[in-house]
Amino acid sequence: MYELADIINLDRCPVDKPGSPAYLAAVEQARADLRVDGCAVIKDLLRPEAVRAISDEIVARKHTTHFSTQSINPYFHVMRDPNYPDRHPLNTFIERSSGFIPGDAWQPHTATSILFHSSELAQFVADCLEVPMLYCYADPLAGLTANILDPGQQFTWHFDTNDFAVTVLVDEADEGGLFEYVPMIRDAANEGFDNIQEILEGGTKGVHTLDLRAGDMQIFRGRHSLHRVTRVPVGSAPRHAAIFAYTQEPGVIGRLERTLQLFGRVLPEHEAAERERVRSDQLID
Ligand SMILES: O=C(O)CCC(=O)C(=O)O
Ligand SMILES: [Fe+2]
């Protein structure tokens, strides 16, 4: 059974010692980065052996990946909206060909699951995000996932439904597979359609490319920042990333339609949650 110390490089990032100088320094740095552009990277969070263990776990579950090649707009819609012109983010569709290993593929004893469910890690992420506390996203499919980009695949420009996500890069592509983002291109009061359209048409204004390495953890606010993972070319090694989702309230479950789109199936939990849903903002999902 894995202990946290087997997985996280605790000397470097002592998530188990809140209040220690190294903990506070890591939190301060992440807060500063998140304030500037909604993105922070904790370098080498994972021990090299844990990167290998998690990589093996992903490879062993790769057959459970739900790959769906779809042309999506940044809101994951696949259908045109006749109320908007053709040249508009709502009517601009680009290929998303990556896939997710679902949460229910991981048994509790796996290093990936132990890391995701670590209350120390959740508290550290909460401190970085300046919120009192975080809970593991209770969605049985979308809480713990791995994003798989096999050679030839890309995950195009989009917004996340969640306010933020935590990504641990596990296997780097040899080429491509880079995380790019445009910080705060929209906010709750402004959809930012014009700037978004420029990016969708190949513009590079405000685009940041992240230097993320295997074993690094990224904390990212993806609801307001357009982002993508660039294409992994044919002939490259695949790119594998573990993605951890957290919520500020316990017991949150994902949308029915999005779940079907990303995982190809829904569970009774999703159907029940849909009936009780309360929207937190009016932005397009
Ligand atoms: O794989 C990644 O780095 C992030 C993928 C992503 O943007 C997402 O899953 O929403
Ligand atoms: Fe995303």
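When a ligand or atom number is given, it counts from 1 through the structure's own listing order. From a predicted model like this one, the values you see are computed outputs, not experimental measurements.
- Assignment of Phe100 to the shell around ligand 1 is supported, since a heavy atom sits closer than 4.0 Å.
- Ring to ring, His66 and Phe100 are not that close: their centroids are 6.0 angstrom or more apart.
- Classification of Arg213 and Asp44 as a salt-bridged pair fails, no side-chain N sitting under 4.0 Å from a carboxylate O.
- Both Met1 and Leu10 are assigned to one and the same hydrophobic cluster, defined by single-linkage of ILVMFWY side chains at heavy-atom distances under 4.5 Å.
- Protein heavy atom at the shortest distance from atom 2 (C) of ligand 1 is Arg239 NH1, 3.5 Å.
- The aromatic rings of Tyr75 and His77 are tilted relative to each other, their planes meeting at an angle between 30° and 60°.
- Set against the non-hydrogen atoms of Thr167, the atoms of ligand 1 under 4.0 Å away are 3 (O).
- The minimum distance between the Fe ion (ligand 2) and any N, O or S atom of Asp160 involves atom OD1.
- Sorting the N, O or S atoms of His227 by how far they are from the Fe ion (ligand 2) puts NE2 first.
- Only one option out of Phe220, Phe179, Tyr181 pairs with His208 in a ring pair (Phe, Tyr, Trp, His ring centres under 6.0 Å); it is Tyr181.
- Which parts of ligand 1 touch His227 is read off a 4.0 Å heavy-atom cut-off, strictly below it: atoms 7 (O).
- Given atom 5 (C) of ligand 1, the protein heavy atom at minimum distance is Asn147 ND2, 3.4 Å.
- Residue Ile243 approaches ligand 1 through these ligand atoms, each under 4.0 Å from one of its heavy atoms: 1 (O), 4 (C), 5 (C), 9 (O).
- Not a single heavy atom of Arg228 sits under 4.0 Å from any atom of ligand 1.
- In Thr145, neither the side chain nor the backbone holds a heavy atom less than 4.0 Å from any atom of ligand 1.
- A salt bridge links Glu49 with Arg47: the distance from a Lys NZ or Arg NE/NH1/NH2 to an Asp or Glu carboxylate oxygen falls below 4.0 Å.
- The minimum distance between the Fe ion (ligand 2) and any N, O or S atom of His158 involves atom NE2.
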Apply the test ring-ring contact (aromatic ring centres under 6.0 Å, His included) to residues Phe116 and Tyr246: give CA-CA distance (whole Å), side-chain angles for both, the deciding distance (0.1 Å), then the verdict. CA-CA 9 Å; Phe116 174 52; Tyr246 301 92; 5.6 Å; yes
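- Between Arg258 and Asp139 no salt bridge is recorded (no basic side-chain N to carboxylate O distance below 4.0 Å).
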